[in-house]
Amino acid sequence: MPELPDVEHFRQVFRLHAAGKAVAGLEADPTILRNVQAGALARALIGQRFEDPGRHGKWLVCRTGGPTLLLHFGMTGDLIWSEDEPERHRHDRLILAFVEGGELRYRNMRKLGGVWLAHDDVELAAVLGSLGPDALAIGRRDFLERLSRRRGALKAALMDQSFVAGIGNILADEILWQARLHPRRAIQSLTPGELAVLHRVVHRVLRQASEGYDYVERRRSWLSHVRGHPGAACPRCRSPLSRTVTAGRTTYFCPVCQAGGFDALP
DNA sequence: TCGCTTGTTGATGG
DNA sequence: GCCATCAACAAGCG
């Protein structure tokens with residue numbers, strides 16, 4: 001699930017149901033807590049009132065007047081409001097109950113990602129400090145300037161959270177497909193025209209994916225909609241998709257639309 | 001049993 | 001120092 005658009009959805013869930021409310025109780029699976037113990041987390045948050053949540057890349061940043069709760073959703077995380085799903089689930093790892101009623105559930109089957117607590121901006125920076133600018137918020141000039149300082153394969157840079165924060169494996173493939181660029185294309189070989197297209201597509205894909213829930217289902221003309229299905233063809237030209245490994249992750253691309261053969265890395 | 005999975009980190013090697 | 005690859009983390013599915 002969670003790349004930037006999914007965490008943006010979680011932010012809406014949090015803002016709609018938890019913002020402005022005071023924490024009455026807290027239950028935590030200790031194996032999901034990353035820099036705090038369950039007792040300390042409860043002491044820090046009970047009685048606090050959440051502000052409007054923020055998001056940076058794939059992180060949900062939940063400030064109160066005092067400490068800040070940080071959620072990362074790994075590959076299988078979710079955020080559920082109790083009215084939408086009355087029954088608790090076995091993989092609900094953090095439960096926040098509110099004075100006003102209702103509970104918010106952080107669910108995570110595989111325990112990649114987790115829950116952090118920051119007491120102040122110094123601790124916040126210790127958790128989020130290595131992230132690059134948010135991929136939806138970054139401007140064209142900053143994006144191109146940062147990219148120009150990198151070498152190597154384009155897809156690896158897009159997925160590197162210290163370069164820009166928020167793009168994962170699925171959306172990296174989507175962005176490259178929409179921009180018609182080969183995943184292993186050498187960054188330094190990109191023309192000014194291709195760079196302009198790339199930034200525009202990054203922004204457009206993230207914005208459109210964030211416009212509602214489940215873009216994989218919703219955006220039928222996208223690569224993501226067919227990606228990984230057996231025998232899948234390019235939604236544009238109907239060529240069979242290629243499957244490779246780039247930057248350690250399974251990569252789907254169209255060998256015709258994204259030929260970009262010249263200067264592609266081996 | 002093996003391989004695979006929308007994420008991140010640390011070790012290792014070129 | 002930079003970049004690529006791989007293992008590990010963990011749990012479920014086919």
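Only this structure's heavy atoms are used, side chains among them; waters, hydrogens and symmetry mates stay out. Naming: A, B, ... by sequence-line order, numbering from 1 per chain.
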Taking any heavy-atom pair under 4.0 Å as a contact, classify [X]: base, sugar-phosphate, or nothing.
X      : answer
A/R249 : base
A/S224 : nothing
A/R107 : nothing

Could you work out the separation of C/dC3 and B/dT6 based on their P atoms and round it to a whole Å?
24 Å
Whole-angstrom distance between B/dG3 and C/dC6, as gauged at atom C1'
16 Å
According to ring pair (Phe, Tyr, Trp, His ring centres under 6.0 Å), who are the partners of A/Y106, at least two apart in sequence or on a separate chain?
A/F73
I'd like to check the ring pair (Phe, Tyr, Trp, His ring centres under 6.0 Å) partners of A/H203; sequence neighbours left out, ordered by chain and number.
none
Using a strict cut-off of less than 4.0 Å between a Lys/Arg side-chain nitrogen and an Asp/Glu carboxylate oxygen, indicate whether A/R88 and A/E85 qualify as a salt bridge.
no
Could you tell me whether A/D173 and A/K155 have a side-chain N and a carboxylate O separated by less than 4.0 Å?
yes
Nearest 0.5 angstrom please: A/L26 CG to A/F98 CZ, how far?
9.5 Å
Drop me the distance from A/T251's OG1 to A/N169's CG, to the nearest 0.5 angstrom.
5.5 Å
Listed in order of residue number, which residues of [range] have a non-hydrogen atom at under 4.0 Å from DNA chain B?
range                       : result
residues 165-177 of chain A : A/G168, A/N169, A/I170
residues 197-218 of chain A : none
residues 70-80 of chain A   : A/H72, A/G74, A/M75

So, A/S82 and A/E103: side-chain donor and acceptor under 3.5 Å apart, yes or no?
no
Donor-acceptor pair between A/K111 and A/T31 side chains, under 3.5 angstrom
yes
Verify the contact: side-chain N or O of [X] to OP1 or OP2 of [N], cut-off strictly under 4.0 Å; return yes or no.
X      : N      : result
A/R90  : C/dG12 : yes
A/K58  : B/dT8  : yes
A/R227 : B/dT6  : yes
A/H91  : C/dA10 : no

Any chance you could encode DNA chain B as dot-bracket? Rule is Watson-Crick or G-U wobble with both distances under 3.5 Å; [ ] for pairs crossing earlier ones, | for another strand.
.||||.||||||||
Counting only pairs under 3.5 Å, give me each side-chain donor-acceptor contact of residues 13-20 of chain A, with atom names and distances, residues two or more places apart or in other chains.
from: A/R15; atom 1: NH2; to: A/Q12; atom 2: OE1; distance (Å): 2.8
from: A/H17; atom 1: ND1; to: A/W81; atom 2: NE1; distance (Å): 3.4

Below 4.0 angstrom, which residues in residues 110-124 of chain A have at least one non-hydrogen atom near DNA chain C?
A/R110, A/K111, A/L112
Given 3.5 Å as the limit, does a donor-acceptor pair link the side chain of A/R185 with the main chain of A/L154, or not?
no
With salt bridge (charged side-chain N to carboxylate O under 4.0 Å, His left out) as the rule and sequence neighbours excluded, what pairs involving residues 244-259 of chain A come up?
none
Heavy-atom pair with the smallest gap, counting every atom of A/Q161 and A/I167:
NE2-O, 3.0 Å
Test question: given the 4.5 Å side-chain rule for I, L, V, M, F, W and Y, name all other residues clustered with A/M159, or answer none.
none
Would a 4.5 Å heavy-atom cut-off, applied to side chains only, mark A/W177 and A/C254 as touching?
yes
Protein proximity profile, nucleotides 9-14 of chain B - base contact B, sugar-phosphate-only contact S, no contact -, cut-off 4.0 Å on heavy atoms:
------
Throw together a table of side-chain donor-acceptor distances under 3.5 angstrom for residues 115-125 of chain A, partners on residues two or more places apart or in other chains.
from: A/H119; atom 1: ND1; to: A/E123; atom 2: OE1; distance (Å): 3.1
from: A/D120; atom 1: OD1; to: A/V122; atom 2: N; distance (Å): 3.0
from: A/D120; atom 1: OD1; to: A/E123; atom 2: N; distance (Å): 2.8
from: A/E123; atom 1: OE1; to: A/H119; atom 2: N; distance (Å): 2.9

